[in-house]
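Since the model is a prediction, treat every value here as computed from it, not as a measurement. Numbering starts at 1 and runs along the sequence shown. Computed over heavy atoms, backbone and side chain alike; hydrogens, waters and symmetry mates excluded. In listed order, ligands and their atoms are each counted from 1.
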Amino acid sequence: MKAFAISRYKGPLQETEMPEPKMGENDVLVEVHTAGVNHLDEMIRSGEFKRILHYRMPLILGNEVARTVVRAGGSVSSFAPGDTVYARPRRDRIGTFAERISIDEKDLAPTPVSLDLTAAGSLPLVALTAWQVLIERGNVQPGQKVLIHSGAGGVGSIAIQLAKHLGAEVATTAGGSNADFVRSLGADTVIDYRTSDFEQLLHGYDLVLDTLGGRNLEKSLRVLRPGGKAIGIAGPPDAAFARETGLNPLMRLALAGLSAGVRRRARKLGVSYEFLFMHASGDQLRRVTALVDEGVLSPVVGRVFPFDQTPEALESLRKGGMQGKVVVSRG
Ligand SMILES: NC(=O)c1ccc[n+]([C@@H]2O[C@H](COP(=O)([O-])OP(=O)(O)OC[C@H]3O[C@@H](n4cnc5c(N)ncnc54)[C@H](OP(=O)(O)O)[C@@H]3O)[C@@H](O)[C@H]2O)c1
C-alpha cells in the first residue's frame, strides 16, 4: 500500500510502498480518509523521541485518523466492517499517513454523526490531550480559573471549548489577529502574547495548560494560586513520565532531571508542575464524540492537504500561522 514514511531519523518524509498492516485478534483495519498532522510527527521524524520511543525503520508517520472499518479481528466486539471510526493509535502503533492502518479496538471510537470525516480526523490527538489535561489530570471544577496558552492552535482551540464546558473561567494567549477567533471559542480573557506580558495581567489561577515550556512555563508558575497546578505538554518531562515509559533507571534519572529546576521553583511558590504526554483512549474519545454531537465541541480545521502532499502538510505546521489543525485527506 501507499504510505508516507521515513527511512532514518532526520530523513525526508517520502512516499513509500509498504506492506499491508498486520492484524491481531483485537485489531481493526481502518481505511484512512483523513489523518491529522501534529508537531509530534515532526518530533518523531527529527529523532527527538528516539531514546524514548523505539521505532523500526522504515516508519510510517501519522498519529490520528478517521474513516471506515474494513476488517475486524476475531476478538473485536465493538466494531464491524462499514463502521465509521476515529482514533489516536497508541504510541508504538502509529502510521496514519497511509492507505490503511491496523488499530487496537480499545483506541477507537465511533465518529460524531454531526461531523464529516475531514473534521473528525482532526480531532483525536488534540481532543484527548485537552481531555487529559483538564479532566484526567486537572480535575477542573466550575468557577475555577484556567489559563490555556496558544488558544488559536490545535490543542488550545479544543481546550478552550472543553474548559468552558466544565464551567471554568478561561484566559488564553494568542497573536492579536486571533483575538476574535479565540473569543468565539469561549475565552473570557485574551492576551496578545506579542504585545503583553500575561504574568503581569493574570493572578490566582487554578490551572495552566502550558504549550511552550521554557520561560513561558516559568512565568506560568507565577500566575497560579497557592496549590495551583501547571501541566506542560511541551516539556520538560518529569519523573512520572520517565517511569511510565519503562526506560532503564539511568535514562529515567536523566529524563526526570530535565524538570528538576522547574519542579523546585514550583515547590518554592507552593504550586506544582506536571508533564503530560497524551495517551490513546477509545473510552475518552467516545465521550468526546458525545460532546461534539451535543454541540459542545467543534473541531477547527485550518487547512486540508491532499494525501500526496503529506510532506507539504507537515512543512506547513513548521511554518505556523494556522488556526486550529492541519489535516491530509484521501477523500
Ligand atoms: N505532550 C503531548 O501529549 C502533546 C500533545 C499535543 C501537542 N503537544 C505540543 O503542544 C504544543 C502545541 O501544539 P498544537 O498542536 O496546539 O500547536 P499549533 O496548532 O501549531 O499551535 C501553535 C499556536 O501557538 C501560538 N503561539 C506561538 N507562540 C506563542 C506564544 N509565545 N504564546 C502563546 N501562543 C503562541 C500560535 O498562535 P498565533 O497563531 O495566534 O500566533 C499558534 O496558534 C506543541 O509544542 C506540541 O508539540 C504535546
Side-chain angles (χ1 to χ4, degrees), residues 36-46 48-49 52-53 63-64 88 90-91 94 122-134 136-137 147-162 171-185 187 189-199 201-202 208-220 223 230-238 240-241 244-245 255 259 273-281 284 299-303 313-327:
V37 183
N38 291 285
H39 291 284
L40 180 58
D41 299 308
E42 174 57 18
M43 291 161 98
I44 293 172
R45 188 199 67 81
S46 65
E48 261 183 70
F49 284 114
I52 301 169
L53 304 171
N63 281 275
E64 56 187 350
R88 182 285 194 248
R90 57 195 60 187
R91 281 171 215 164
I94 66 166
S122 75
L123 207 48
L125 190 137
V126 290
L128 288 171
T129 305
W131 187 282
Q132 289 161 18
V133 170
L134 299 173
E136 192 175 88
R137 296 275 195 97
L147 166 60
I148 292 165
H149 284 293
S150 306
V155 174
S157 58
I158 296 297
I160 291 172
Q161 299 176 63
L162 186 58
T172 193
T173 52
S177 59
N178 281 324
D180 287 343
F181 169 61
V182 291
R183 261 192 213 100
S184 76
L185 298 171
T189 305
V190 180
I191 293 165
D192 181 346
Y193 67 83
R194 293 200 180 93
T195 57
S196 307
D197 181 355
F198 71 88
E199 187 191 342
L201 301 169
L202 305 176
V208 180
L209 161 50
D210 176 61
T211 53
L212 294 153
R215 240 173 86 71
N216 200 73
L217 173 59
E218 297 284 343
K219 285 151 69 100
S220 294
V223 309
I231 301 181
I233 60 171
D238 61 6
F241 172 69
E244 207 184 280
T245 47
L255 215 60
S259 61
Y273 166 72
E274 287 177 21
F275 174 69
L276 177 121
F277 193 114
M278 60 81 58
H279 58 88
S281 169
Q284 289 177 352
V300 182
V301 179
R303 193 156 171 203
L314 193 61
E315 180 62 29
S316 80
L317 212 60
R318 275 200 290 266
K319 287 183 191 146
M322 205 77 66
Q323 280 182 347
K325 288 292 298 275
V326 174
V327 301

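Using a 4.0 Å cut-off between heavy atoms, T129 contacts ligand 1 through its side chain alone, with no backbone atom that close. Contacts of M43 with ligand 1, taken as heavy-atom pairs under 4.0 Å, involve the side chain alone. Contacts with ligand 1 closer than 4.0 Å are made by side-chain heavy atoms of L125 only, the backbone lying farther away. Within the 4.0 Å heavy-atom criterion, neither part of H149 lies near ligand 1. Contacts between K325 and ligand 1, counted as non-hydrogen atom pairs separated by less than 4.0 Å, are absent for every part of the residue.
What you find for R91 and F241 is that their closest heavy atoms are NH1-CE1, 4.4 Å. Considering all non-hydrogen atoms of both residues, P299 and L123 come closest at CB-CD1, 3.8 Å.
Under a 3.5 Å cut-off, the side chain of S196 and the backbone N or O of Y193 do not form any donor-acceptor pair. Of the possible polar contacts, none joining the T189 side chain to the A171 backbone as a donor-acceptor pair under 3.5 Å is found. Of the possible polar contacts, none joining the Q161 side chain to the L185 backbone as a donor-acceptor pair under 3.5 Å is found. Looking only at distances, a side-chain donor or acceptor of T173 sits under 3.5 Å from a matching main-chain atom of S150. Formation of a donor-acceptor pair under 3.5 Å by the D41 side chain with backbone atoms of N38 is found in this model.
Of the protein's heavy atoms, G154 N, 2.7 Å lies nearest to atom 19 (O) of ligand 1. The protein non-hydrogen atom at the shortest distance from atom 7 (C) of ligand 1 is V155 CG2, 3.7 Å. Protein heavy atom in closest approach to atom 22 (C) of ligand 1: G153 CA, 4.3 Å. Scanning the protein for heavy atoms near atom 20 (O) of ligand 1, the closest one is H39 NE2, 2.6 Å. With hydrogens left out, the protein atom closest to atom 27 (C) of ligand 1 is Y193 OH, 3.5 Å, a heavy atom. Distance from atom 3 (O) of ligand 1 to its nearest protein heavy atom, with residue and atom name: M278 N, 2.7 Å.
A donor atom on one side chain and an acceptor atom on the other are found under 3.5 Å apart for H149 and S220. The closest side-chain donor-acceptor pair between H279 and E136 falls under 3.5 angstrom.
Between A174 and ligand 1, a contact under 3.5 Å exists for no N or O pair. Of the N or O atoms in L40, none lie within a sub-3.5 Å distance of an N or O in ligand 1. Considering backbone and side-chain N/O of I233, one or more are found under 3.5 Å from N/O of ligand 1.
Remark: D197 CG is packed, more than 12 non-hydrogen atoms of other residues, nucleotides or ligands lying under 6.0 Å away.
The atoms of ligand 1 that sit less than 4.0 Å from any heavy atom of T211 are 11 (C), 45 (O). Less than 4.0 angstrom separates some heavy atom of T173 from each of these atoms of ligand 1: 33 (C). In the vicinity of N178, heavy-atom distances shorter than 4.0 Å reach the ligand 1 atoms 38 (P), 39 (O), 40 (O). Listed by number with element, the atoms of ligand 1 under 4.0 angstrom from any heavy atom of F277 are 1 (N), 3 (O). The atoms of ligand 1 that sit less than 4.0 Å from any heavy atom of L212 are 29 (C), 30 (C), 31 (N), 32 (N), 33 (C). Close approach of ligand 1 to L276 is summarised as follows: ligand atoms under 4.0 Å from at least one heavy atom of the residue are 1 (N), 2 (C), 3 (O). Contact atoms of ligand 1 toward S150: 23 (C), 24 (O), 25 (C), 26 (N), 33 (C), 34 (N), 35 (C) (distance under 4.0 Å to a heavy atom of the residue).
Of the inter-residue distances, the one linking D238 atom CG with E274 atom CD reads 7.0 Å to the nearest 0.5 angstrom.
Paired with K325 under the rule side-chain contact (heavy atoms from CB on, under 4.5 Å), one option of V300, V126, I158 passes, and it is V126.
A salt bridge between E218 and R215 is absent, with no side-chain N of the basic residue lying under 4.0 Å from a carboxylate O of the acidic one.
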